[in-house]
Amino acid sequence: MTDFQRPRGTRDFPPEEMEQRRIVEDGLRKVARSFNFGEVMTPTFENTELFVAKSGPGIIDEIYAFKDKGDREISLRPELTAAVMRYYVKELHTRPKPLKLYYMGNCFRYERPQKGRYREFWQFGAEIIGAPSLDADAEVLALAYYSVKNLGLNNTVMRIGHLGVLNKFIEELGVSESMKVEVRRMIDKRDFESLRTLPDGAGAKQDVTNRLIELVSLDGGSETLEKAKKLMDGDDISLKELKKLLNILEKYGITDYKLDFGVARGLDYYTGMVFEIDAPNLGAEKQICGGGAYSLSETFGGQPISSTGFAFGFDRLMLARSQDEEELSKLDVYFIPISDDARMKCLEMVTEIRNNGISADIDLLGRKVGKAFGYADTIGAKTAIVIGDKELAEEKVMVKDMATGDQTPINFSELLKHYQN
RNA sequence: GCCGGGGUGGGGUAGUGGUUAUCCUAGGGGCCUGUGGAGCCCCCGUCCCGGGUUCAAUUCUCGGUCCCGGCCCCA
């Protein structure tokens, strides 16, 4: 016998899980719409060069890249931002600014699967394009913040940083360009040990190194700003910006964040504010959201334009909230016809009820009544209806409450009304 | 790419170098020909793949593959 397996790192989702996923998805959509973001969708695959342009040729090793039958270099998208920016540059750039977009879709990466990491996964993201302001940064942060809150994920931490602050320090270190990239990586990894060796190996200034380590070790709310100020000797523009941003966030009702200058995001197209949201209960892959202010349009051949955005790891959101299971929706009514004539009548009633937004199902196996009730019970139907020739003659059905076992006679004409209450 | 732990019906498991591989559960049917949740009975369905050792491998061994956790990476 041939054993057909799922490709590695992919998943099947049963109805119960899909219901949960749709609840989360609907919740995210709802919040995004309430912020006046509009949804866009882009292709599942793109020309490989798009992702190379954004992330460099090394990316090819980590994504599903292949040649199609026309010898074109194609890749399954490893993320959604590149495609959205491509779309913006080619077609949406004449739209009134600011452009507020959101999107959700499956993405693919050729990676070793582990908890919260799959080869096919889903992202939900949002961008504000063309609003080069702290107000846009705050609006995006607020969307991410309230999306998480709305899902009931209370055990999460939003960490906000600023690359302007970080980069100033890195510049002052006085190390080579390649070393700067390395330093950023160390900071992102919280690798303080390696940072400490910078003065020896890479010739970084000892004093700056010390202050840099102190900076990225800071951990706290808005009061942390003062500590950072002292480390920077004087009023830094980025720091002032950050202060303004935090003031704005307060108006959004957001104060339970952490300032973290170690949020480096590992990418050089980020320009200012950057942030991440963690769900600490997820283990190694605990980051559920990442984003910030960036400039990417020019990479795809457009005019430079300021943007701010983020992406949620949808599957990680699901993992993070999986502890509090919600009750699944139950079938409203299960029809059990006993004769062929009764079945015909049932179909009319089933259709009428379904057309009024009430869920209804009907026995398709011709089971005996006892078995059919057993099935109705197993699937958790709220009520069941048996119809035979007797009921047909009286134009009545017996509606049985599956929880209590009570039966109520209802006229055919009253049936819909009964369920609408 | 690397490290560790795993893989026995759909799900969960027991067990073994050799007759018919255990039990639970789920699914289908019957006892019960118009009323569910219990019980009893029947049916369905399994040793991840390949090489090696052996008279004989689900068992031992090697490789692969997939799953779980971690490293690397994380656009």
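For clarity, every value in this text was computed on a predicted model and none was experimentally measured. Proteins come first, then strands; the chains are lettered A, B, ... in the order of their sequence lines, and each starts at number 1.
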With rounding to the closest Å, how many angstrom separate the [atom1] atoms on [N] and [M]?
N	M	atom1	answer
B/G30	B/C23	C1'	23 Å
B/C24	B/C42	P	11 Å
B/G18	B/A57	P	11 Å
B/C67	B/U35	P	49 Å
B/U19	B/G28	C1'	31 Å
B/G45	B/G12	C1'	15 Å
B/G9	B/U59	P	14 Å
B/U54	B/C60	C1'	10 Å

Within less than 4.0 Å of OP1 or OP2 of [N], is there a side-chain N or O belonging to [X]?
X	N	answer
A/Lys368	B/U35	no
A/Lys115	B/C67	no
A/Arg185	B/C73	yes

To the nearest Å, give me how far apart [atom1] ([X]) and [atom2] ([N]) are.
X	N	atom1	atom2	answer
A/Lys396	B/G34	NZ	C1'	18 Å
A/Arg8	B/G64	CZ	P	12 Å
A/Glu120	B/C67	CD	P	13 Å
A/Phe373	B/G36	CZ	C1'	7 Å
A/Gln114	B/G1	CD	P	15 Å
A/Lys371	B/A38	NZ	C1'	13 Å
A/Ile379	B/G27	CD1	C1'	15 Å
A/Ile338	B/U33	CD1	C1'	11 Å

Go through [options] for me and flag the one nearest to the [X] side chain.
X	options	result
A/Arg367	B/G28, B/U65, B/U35	B/G28
A/Gln5	B/C68, B/C66, B/U35	B/C66
A/Val369	B/U35, B/C73, B/G29	B/U35
A/Arg109	B/C74, B/C3, B/G34	B/C74
A/Gln407	B/G36, B/U35, B/C3	B/U35
A/Lys189	B/C72, B/G36, B/C68	B/C72
A/Glu62	B/G36, B/C73, B/C3	B/C73
A/Glu391	B/C74, B/U35, B/C67	B/U35

Indicate, with a heavy-atom threshold strictly under 4.0 Å, whether [X] touches base, sugar-phosphate, or nothing.
X	value
A/Leu365	nothing
A/Gly116	nothing
A/Asp401	base
A/Thr378	sugar-phosphate
A/Arg117	base
A/Gly290	nothing
A/Gly388	base

Under 3.5 Å for both donor-acceptor distances, Watson-Crick or wobble: does [N] have a partner, and if so which one?
N	result
B/G1	B/C71
B/A21	none
B/A38	none

Within a reach of under 6.0 Å around [atom1] of [X], are more than 12 heavy atoms found that belong to other residues, nucleotides or ligands?
X	atom1	result
A/Tyr110	OH	no
A/Ile237	CD1	no
A/Asp340	CG	no

Between A/Ser147 (side chain) and A/Leu28 (backbone), is there a donor-acceptor pair under 3.5 Å? no
Starting at the 5' end of RNA chain B, which residue's closest nucleotide do you reach first, A/Gln287 or A/Ala381? A/Ala381
Where each residue is assigned the nucleotide of RNA chain B containing its nearest heavy atom, which of A/Lys400 and A/Gly9 is assigned the position nearer the 5′ end? A/Lys400
Output for pair (A/Thr308 OG1, A/Lys100 NZ), nearest 0.5 Å, gives 11.5 Å
Just do the side-chain hydrogen bond (donor to acceptor under 3.5 Å, both in side chains) check on A/Tyr419 and A/Thr383 with the steps written out, would you? CA-CA 10 Å; A/Tyr419 277 102; A/Thr383 65; 2.6 Å; yes
Would you call the rings of A/Tyr146 and A/Phe35 parallel, tilted or perpendicular if under 30° counts as parallel and over 60° as perpendicular? tilted
Suppose we call two aromatic rings close when their centres sit under 6.0 Å apart. Are A/Tyr64 and A/Phe66 close by that rule? no
